Student: 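Have a look at this one before I ask anything.
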Amino acid sequence: TDWKTITVERRDRVGLITLNRPDALNALNLELMRELVAAASDLDADTGIGAIVITGAGKAFAAGADIKEMVDNDYVEMYAADWFSGWSRFTAVRTPIIAAVSGYALGGGCELAMMCDIIIAGDTAKFGQPEIKLGVIPGMGGSQRLTRAIGKARAMDLILTGRTMDAVEAERAGLVSRVVPADAVLDEAMSTAATIGSLSLPITMMAKEVVNAAYETMLESGIRFERRVFHATFATEDQKEGMSAFVEKRDPEFKNR
Ligand code: HXC
């Protein structure tokens with residue numbers, strides 16, 4: 001496919017998507033959203049791919065939704081176009097996704113990172129929801145996901161002031177899984193993705209689904225859902241292989257069955 005706003009590479013079992021509008025700090029316009037969602041869905045449908053990494057070209061991950069594309073819109077236009085609704089297909093991707101963030105992840109960029117399953121940050125990363133300074137609020141899930149990720153007090157601090165937090169603060173707050181030097185962030189993300197990709201794909205998908213249920217469900221029904229999916233792993237050959245290999249003191253050979 002001839003992508004205009006992203007690049008897509010396959011490296012062994014890892015799919016790498018690079019946001020590629022560096023002159024606009026990878027601002028997320030509708031074309032980029034469409035391409036990113038399509039590319040992620042393609043990789044999701046490919047059983048040769050066990051994990052996806054998303055990163056940004058140049059000095060930013062993404063500096064937000066494209067303000068220039070929205071500036072002249074009115075309420076009815078935003079509502080009629082159901083602006084940002086395309087991201088629902090991105091969060092429906094079942095393959096684990098890692099965001100490799102260096103530089104700015106602001107507004108929609110921070111929200112995109114939070115739609116991924118793991119965030120690995122370079123020490124230059126800056127996270128924030130600066131929408132308030134534009135006279136709007138987060139529109140791609142930020143008010144919900146940031147609050148669940150770092151708690152109400154910290155989310156209020158960021159969303160009400162629009163200030164950014166650096167990688168160290170983001171890790172302390174629990175937004176980010178790991179912080180590494182900026183020039184190592186892609187390698188760290190790719191090797192983490194390779195690790196995930198070496199495991200059973202249906203089982204990593206189930207693990208992603210049950211963790212995400214913690215975001216979306218009340219505790220009691222989340223626990224019940226997790227228990228049932230856990231039971232269901234025993235219907236796979238990979239569970240038999242994984243547990244037998246442990247008992248037999250050898251490495252497992254997963255077949256994604
Ligand atoms: C469109 C953007 C952009 C954005 C940067 N650019 N962010 N274009 N949408 N979100 C463009 C700039 O206009 C500029 O284009 C080029 O990228 C380089 O940016 P500079 O500002 O010159 O870079 P720098 O001085 O390094 O400042 C970086 C920055 C600043 C601090 C990140 O760009 C910035 O504040 N950007 C906006 C951040 C933001 O508010 N994000 C939230 C967006 S709203 P030219 O053509 O001049 O070179 C959102 C949620 C939407 O995401 C909710 C509903 C509205």
Side-chain angles (χ1 to χ4, degrees), residues 1-8 15-45 52-58 60-95 97 99 101 103-117 119 126-149 155-156 158-162 164 175 208-209 212 215-217:
T1 320
D2 211 3
W3 305 108
K4 297 201 169 55
T5 62
I6 60 172
T7 64
V8 181
L16 171 62
I17 303 176
T18 305
L19 312 178
N20 195 25
R21 299 183 69 212
D23 293 345
L25 302 182
N26 302 319
L28 308 166
N29 60 12
L30 292 181
E31 184 179 32
L32 190 151
M33 177 183 72
R34 267 194 298 273
E35 291 197 335
L36 175 55
V37 169
S41 301
D42 287 353
L43 292 169
D44 195 31
I52 299 168
V53 172
I54 297 182
T55 195
F61 178 72
D66 193 310
I67 299 166
K68 293 165 190 171
E69 197 178 44
M70 294 181 284
V71 59
D72 292 323
N73 287 2
D74 65 18
Y75 168 73
V76 171
E77 284 165 332
M78 296 301 279
Y79 180 82
D82 205 0
W83 211 267
F84 295 152
S85 60
W87 292 109
S88 300
R89 257 184 84 205
F90 184 82
T91 53
V93 169
R94 300 169 88 193
T95 307
I97 306 178
V101 176
Y104 293 111
L106 300 180
C110 185
E111 292 168 298
L112 171 60
M114 290 191 290
M115 286 183 228
C116 300
D117 304 308
I119 302 177
K126 290 225 184 310
F127 297 88
Q129 300 290 159
E131 289 88 346
I132 201 92
K133 297 194 217 172
L134 300 168
V136 293
I137 62 168
M140 288 168 43
S143 63
Q144 310 303 300
R145 291 200 180 87
L146 189 65
T147 306
R148 282 168 162 81
M156 285 285 191
L158 288 165
I159 290 170
L160 291 176
T161 67
T164 61
L175 180 65
K208 168 172 173 163
E209 190 176 355
N212 276 335
Y215 257 128
E216 293 155 5
T217 330

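None of these values were measured; they are calculated from a predicted model. Numbers for residues simply follow the sequence, beginning at 1.
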Student: Out of curiosity, Gln129 CD to Thr161 OG1, how far, rounded to the nearest 0.5 Å?
Tutor: 11.0 Å

Student: First locate atom CD1 of Ile132, then atom CG of Leu160, and finally report the distance between them rounded to the nearest 0.5 Å.
Tutor: 6.0 Å

Student: Taking the side chain as every heavy atom from C-beta outward, state whether Leu175 and Leu146 have any atom pair closer than 4.5 Å.
Tutor: yes

Student: Minimum heavy-atom separation for Ala105 and Cys110, please, with both atom names.
Tutor: O-CB, 3.2 Å

Student: Crowded around Met78 CE? As in, over 12 foreign heavy atoms under 6.0 Å?
Tutor: yes

Student: About how many Å separate CG of Leu19 and CG of Leu25, when rounded to the nearest 0.5 Å?
Tutor: 12.0 Å

Student: Shortest non-hydrogen contact from Met140 to Gly108?
Tutor: CE-O, 3.4 Å

Student: Which heavy atom in Gly139 sits nearest to a heavy atom in Phe84, and how many Å separate them?
Tutor: O-CD1, 3.2 Å

Student: How long is the span from the OG atom in Ser41 to the CZ atom in Arg94, to the nearest 0.5 Å?
Tutor: 12.5 Å

Student: Look up atom CD1 in Ile6 and atom CG in Leu16, then write down how far apart they are to the nearest 0.5 Å.
Tutor: 10.5 Å

Student: Taking atom CD1 of Ile54 and atom SG of Cys116, what is their separation to the nearest 0.5 Å?
Tutor: 4.5 Å

Student: Is it the case that over 12 heavy atoms from other parts of the model lie below 6.0 angstrom from the CG atom of Leu134?
Tutor: yes

Student: Using every non-hydrogen atom in the two residues, find where Phe127 and Leu106 come nearest and quote the distance to one decimal.
Tutor: C-CD2, 4.0 Å

Student: Can a donor-acceptor pair be found, under 3.5 Å and without considering hydrogens, that links the side chain of Glu111 to the backbone of Gly142?
Tutor: yes

Student: Should Ile119 and Phe61 count as side-chain neighbours, where that means a heavy-atom distance under 4.5 Å?
Tutor: no

Student: Go through the steps for Ile52 and Val93 under the test side chain to side chain contact (heavy atoms under 4.5 Å, CB included), then give the verdict.
Tutor: CA-CA 10 Å; Ile52 299 168; Val93 169; 4.3 Å; yes

Student: Applying side chain to side chain contact (heavy atoms under 4.5 Å, CB included) to Asn26 and Tyr104, what does each step give before you reach the verdict?
Tutor: CA-CA 10 Å; Asn26 302 319; Tyr104 293 111; over 6 Å; no

Student: Please report the closest heavy-atom contact between Tyr215 and Ala149, naming both atoms and the distance.
Tutor: OH-CB, 3.9 Å

Student: Looking only at non-hydrogen atoms, find the nearest pair between Met70 and Ala65 and report the distance.
Tutor: CE-CB, 3.7 Å

Student: Test side chain to side chain contact (heavy atoms under 4.5 Å, CB included) on Ile97 and Met115 and set out the steps.
Tutor: CA-CA 9 Å; Ile97 306 178; Met115 286 183 228; over 6 Å; no

Student: Please confirm whether the backbone N or O of Ala57 pairs with a side-chain atom of Asn20, one donor and one acceptor, at under 3.5 Å?
Tutor: no

Student: Throw together a table of side-chain donor-acceptor distances under 3.5 angstrom for residues 27-40, partners on residues two or more places apart or in other chains.
Tutor:
residue, atom, partner, partner atom, Å
Asn29, OD1, Glu31, N, 3.4
Asn29, OD1, Leu32, N, 2.8
Glu35, OE1, Lys4, N, 3.0
Glu35, OE1, Thr5, N, 2.7
Glu35, OE1, Thr5, OG1, 2.7
Glu35, OE2, Lys4, N, 3.0

Student: Take atom CG in Asp74; do more than 12 heavy atoms of anything else shown fall under 6.0 Å from it?
Tutor: yes

Student: Would you please test Ile17 and Trp3 for side chain to side chain contact (heavy atoms under 4.5 Å, CB included) and show each step?
Tutor: CA-CA 11 Å; Ile17 303 176; Trp3 305 108; over 6 Å; no

Student: Using side chain to side chain donor-acceptor pair (under 3.5 Å) as the criterion, list what pairs up with Arg21, not counting sequence neighbours.
Tutor: Asp66

